[in-house]
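Everything on this sheet refers to the single structure shown next.
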Amino acid sequence: MPSALHPWNLSPTDAVALQYELAKQIRLECTPAMARAGIGRIAGVDIGFEDGGETTRAAVVVLAWQPGTTEHLQVIEQVVHREPTRMPYIPGLLSYREVPAALGAFAKLSRYPDLVMVDGQGIAHPRRIGVASHLGLWLELPTIGIAKSRLCGRFEPVGEARLSTSELTHRGETIGVVLRSREKVKPVFVSPGHLIDQASALDWVIRCLHKTKLPEPTRMADRLASRRDRPKTAG
DNA sequence: GCGACAG
DNA sequence: ATCTTGTCGC
């Protein structure tokens, strides 16, 4: 279990130093639990902002993984958590801004999922610890990062066909894959976050794709975190 | 020193 | 991320 006093409000310099330390703890292998018990619940996480950015809103949507049944990929539970925004957006330090709120949302879940998909990078990060990795370390759950754009790394153009991929590399390492999740739409960047390997990360994302650009977990969380899906006022 | 730069 | 309306295309 991570330190109960894990610092979130650090100066950029200290935040970067901590990333180097935390990155050493990331494990890119599937857990025995995942192989033994399998996956029954997959969660999607995303963060939105209100009041011109003063309030951070975290959303977590848990979907059922029950191939062949009517409940497959249906919503089991969804929660929203709001709290004051604590940091500005700084490329490379996104997790310090978003993870605290995400943890607040997870605390409201009646039960944890077996796998988590996060809107943002996993290890496809300059120091190999994007928001998905950082969240995974804290929760000690398998996480996958699905970003809509690139933070770092290089890649060859992705094929036009759906499910075409291109390797994302950085400083001689493979850090993720660029995936054409839908035809005629900009590709997404998939990278393992924690407790999962690259191949499995890509497999799970593909398995959760319907006809949209984003996999169901992330797409659902996106809608809940965004203000367009706000519940109507009673009356 | 000059760009690039998740959300 | 957010501010914002309608509109073109599969």
Side-chain angles (χ1 to χ4, degrees), chain A residues 8 12-13 15-16 19 22-23 26 44-61 80-105 116-137 143-155 160-162 166 168-171 173 175-194 201 205 209-215 217-230:
Chain A
W8 290 106
T13 301
V16 168
Q19 289 186 320
L22 294 176
I26 292 172
V45 187
D46 191 30
I47 275 66
F49 297 88
E50 302 175 338
D51 312 322
E54 294 178 11
T55 301
T56 297
R57 175 185 54 254
V60 175
V61 177
V80 172
H81 169 75
R82 277 170 241 259
E83 61 175 56
T85 298
R86 65 177 63 206
M87 299 198 113
Y89 164 67
I90 300 175
L93 298 181
L94 180 67
S95 61
Y96 292 91
R97 172 176 163 86
E98 303 193 338
V99 171
L103 294 176
V116 182
M117 292 192 183
V118 185
D119 189 318
Q121 314 289 354
I123 62 167
H125 176 282
R127 294 170 288 285
R128 309 290 182 268
I129 180 166
V131 61
S133 298
H134 203 153
L135 180 63
L137 272 178
T143 58
I144 299 172
I146 299 91
K148 297 181 290 298
S149 62
R150 180 195 71 94
L151 172 59
C152 69
R154 307 192 312 161
F155 62 97
E160 301 296 322
R162 182 176 122 92
S166 183
L168 179 64
T169 63
H170 180 62
R171 296 181 180 176
E173 295 178 60
I175 58 175
V177 60
V178 188
L179 168 70
R180 181 80 67 187
S181 54
R182 177 178 180 172
E183 291 186 343
K184 302 182 176 179
V185 169
K186 289 182 57 177
V188 294
F189 298 73
V190 180
S191 61
H194 183 49
V205 169
L209 281 177
H210 270 181
K211 297 182 177 180
T212 52
K213 166 179 179 174
L214 298 176
T218 292
R219 188 178 73 79
M220 288 299 188
D222 207 86
R223 290 177 44 177
L224 192 57
S226 169
R227 56 176 44 181
R228 55 180 171 252
D229 216 41
R230 277 177 176 172

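So you know, we letter chains A, B, ... as the sequences are listed, proteins then strands, and number each from 1.
- Of the charged side-chain nitrogens involved, none lies within less than 4.0 Å of a carboxylate oxygen, so that A:D46 and A:R223 do not count as a salt-bridged pair.
- In this structure, OH of A:Y89 is placed 10 Å from C1' of B:dA4, rounded to the nearest angstrom.
- A:R97 has no side-chain polar atom (N or O) that falls below the 4.0 Å cut-off from OP1 or OP2 of B:dG7.
- One finds a side-chain N or O of A:K148 lying less than 4.0 angstrom from the OP1 or OP2 phosphate oxygen of C:dA1.
- A donor-acceptor distance shorter than 3.5 angstrom exists from the side chain of A:T85 to the backbone of A:G53, with no hydrogens or angles considered.
- The CG atom of A:L151 sits 9 Å away from the P atom of B:dC5 (whole-angstrom rounding).
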For DNA chain B, please output the secondary structure as dot-bracket, reading 5' to 3'. Pairs are Watson-Crick or G-U wobble, both atom distances under 3.5 Å; mark crossing pairs with [ ], other-strand partners with |, unpaired with a dot.
.......

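- Two residues are said to be in side-chain contact when any heavy atoms from C-beta on lie closer than 4.5 Å; A:L93 and A:R127 meet this criterion.
- Rounded to whole Å, atom P of C:dC10 lies 14 Å from atom CD of A:E160.
- For the pair A:Y89/A:E98, no side-chain contact is recorded, criterion being any heavy-atom separation below 4.5 Å from C-beta on.
- Here the side chain of A:R57 pairs a donor or acceptor atom with the backbone of A:A225 at under 3.5 angstrom.
- Proximity of A:S149 to the phosphate of B:dC5: no side-chain N or O atom is located under 4.0 Å from OP1 or OP2.
- Comparing A:K184 and A:F49 against DNA chain C, the residue whose closest nucleotide sits nearer the 5' end is A:F49.
- Nearest-nucleotide positions on DNA chain C place A:A225 closer to the 5' end than the other of A:A225 and A:R182.
- When the side-chain nitrogen and oxygen atoms of A:R127 are compared with OP1 and OP2 of B:dA6, none of them lie within a distance under 4.0 Å.
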